[in-house]
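Structure first, then comments.
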Number of protein chains: 2
Amino acid sequence: MKNENHEVLLEQKGLKKTKVRMALLQHFMGLDHAQSYSDLQTALAKEVDKSTLYRNLTSFEQAGIIHRINDHSGVSKYAFGESPIQGNEHAHFVCECCETVYCMEGLAPLQLKVPKGFKTKKVQTIIRGICAAC
Amino acid sequence: MKNENHEVLLEQKGLKKTKVRMALLQHFMGLDHAQSYSDLQTALAKEVDKSTLYRNLTSFEQAGIIHRINDHSGVSKYAFGESPIQGNEHAHFVCECCETVYCMEGLAPLQLKVPKGFKTKKVQTIIRGICAAC
DNA sequence: TTTATAAATGCAACTAAGTTGCATTTATAT
DNA sequence: ATATAAATGCAACTTAGTTGCATTTATAAA
Ligand SMILES: [Mn+2]
Ligand SMILES: [Mn+2]
Ligand SMILES: [Zn+2]
Ligand SMILES: [Zn+2]
């Protein structure tokens, strides 16, 4: 009985393999778009405690397993993969129709000329439009 | 006793010239960076009611007097000038040091190539870095 | 296999941002 | 001067997320 991908990843990151984390990570790994807290609560079915879920999202984020996305909706969304900040920069696409948030893996942020005295560290881009599914 | 700029603007937009609105708009017009609800509450000194302030921000936004900015901090910020959406597109600069948010009037939105099936409507850009004052 | 231990979980209580309903006040038009 | 519709203030509410603490559980050492 060899370990699954999500189990290996938890081991690699030095995180305990708990029931909640296994389910959560397995869910993230089979998905191509971002998830909100309530998306996750629904998907996990077996009613995980709110703070447990939020704390795990924070742990995963700190470990570089997932990244947090601010789509300007007022609720944070999370997607599999390390943060765009750490060398994995990419834009996010928000569908105006279904509200789904996608990571645009290919799209690197373009550098913009800022005024004298200002210094750019990173650029975060949100593309708003209609997705392929809509 | 001729009307001030902010009074003229309120008239133009068909908004009643109330005490709160006069103070609020005057404040916005003398500023080069964005303001949060609590920045405004502090600046207005004479303790305006929370819902009154929020309702006026909404009115100003709808009238195109100010625009709302999401700087990913979790609190909305507002700046003088109509929304970047209506033909006035510009990026926003967030200082990592002092948290100040500036409108980068010169910086037009960057067009990025999205995958087949996706359709871009608008692009919102946040530049993170160090501002001229820091 | 048992046991020790540190970390994860669940629960309740809390915070912060923003919204809503409603009674009262005020700006503007007549 | 008065009528009217809109703005204000207050309290109560909502939603997203956080914190403290007692209990449970994953892991590793004995
Ligand atoms: Mn992403
Ligand atoms: Mn702006
Ligand atoms: Zn869609
Ligand atoms: Zn600064």
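By convention in this document, chain letters (A, B, ...) are assigned in the order of the sequence lines, proteins followed by strands, and residues within each chain are numbered from 1. Please read all numbers here as calculations on a predicted model, not as lab measurements.
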- request: Side chain of K16(B) only, please: which of dA6(D), dG10(C), dC10(D) is the nearest?
  value: dA6(D)

Contact under 4.0 Å: S59(B) side-chain N or O vs dA7(D) OP1/OP2: no

task: Classify the side-chain pair S36(A)/D39(A) by whether it contains a donor and acceptor separated by less than 3.5 Å.
output: yes

query: Does Y54(B) place a side-chain N or O at less than 4.0 Å from the phosphate oxygens OP1/OP2 of dG18(C)?
result: yes

query: Using a cut-off of 4.0 Å on non-hydrogen atoms, how would the nucleic acid contact of R55(B) be classed: base, sugar-phosphate, or nothing?
result: base

message: What is the distance, to the nearest angstrom, from the CG atom on N70(A) to the C1' atom on dG17(D)?
response: 14 Å

- prompt: Is it the case that more than 12 heavy atoms not belonging to K122(A) sit under 6.0 Å from its NZ atom?
  reply: yes

task: Report yes if at least one side-chain N or O of S51(A) is closer than 4.0 Å to OP1 or OP2 of dT18(D); otherwise report no.
output: no

query: How are the rings of Y102(A) and F118(B) set relative to one another: parallel (under 30°), tilted (30 to 60°) or perpendicular (over 60°)?
result: perpendicular

- prompt: Any side-chain N or O of T18(A) under 4.0 Å from OP1/OP2 of dT9(C)?
  reply: yes

statement: Q41(B) CD to dA16(C) P, in whole Å, measures 15 Å

Test item: K77(A) side-chain N/O and A34(A) main-chain N/O as donor-acceptor pair under 3.5 Å: no

task: Would you mind reading off the distance between L40(B) atom CG and dG18(C) atom C1', rounded to a whole angstrom?
output: 14 Å

message: By the 4.0 Å heavy-atom rule, please label K50(B) as base, sugar-phosphate, or nothing.
response: base

query: Could you state the OH-C1' distance from Y78(B) to dG18(C), rounded to the nearest angstrom?
result: 8 Å

message: Rounded to whole Å, please give me the gap between NZ in K77(A) and C1' in dA16(D).
response: 13 Å

message: On the nucleotide dA17(C), are OP1 or OP2 found under 4.0 Å from the side-chain N or O atoms that Y37(B) carries?
response: no

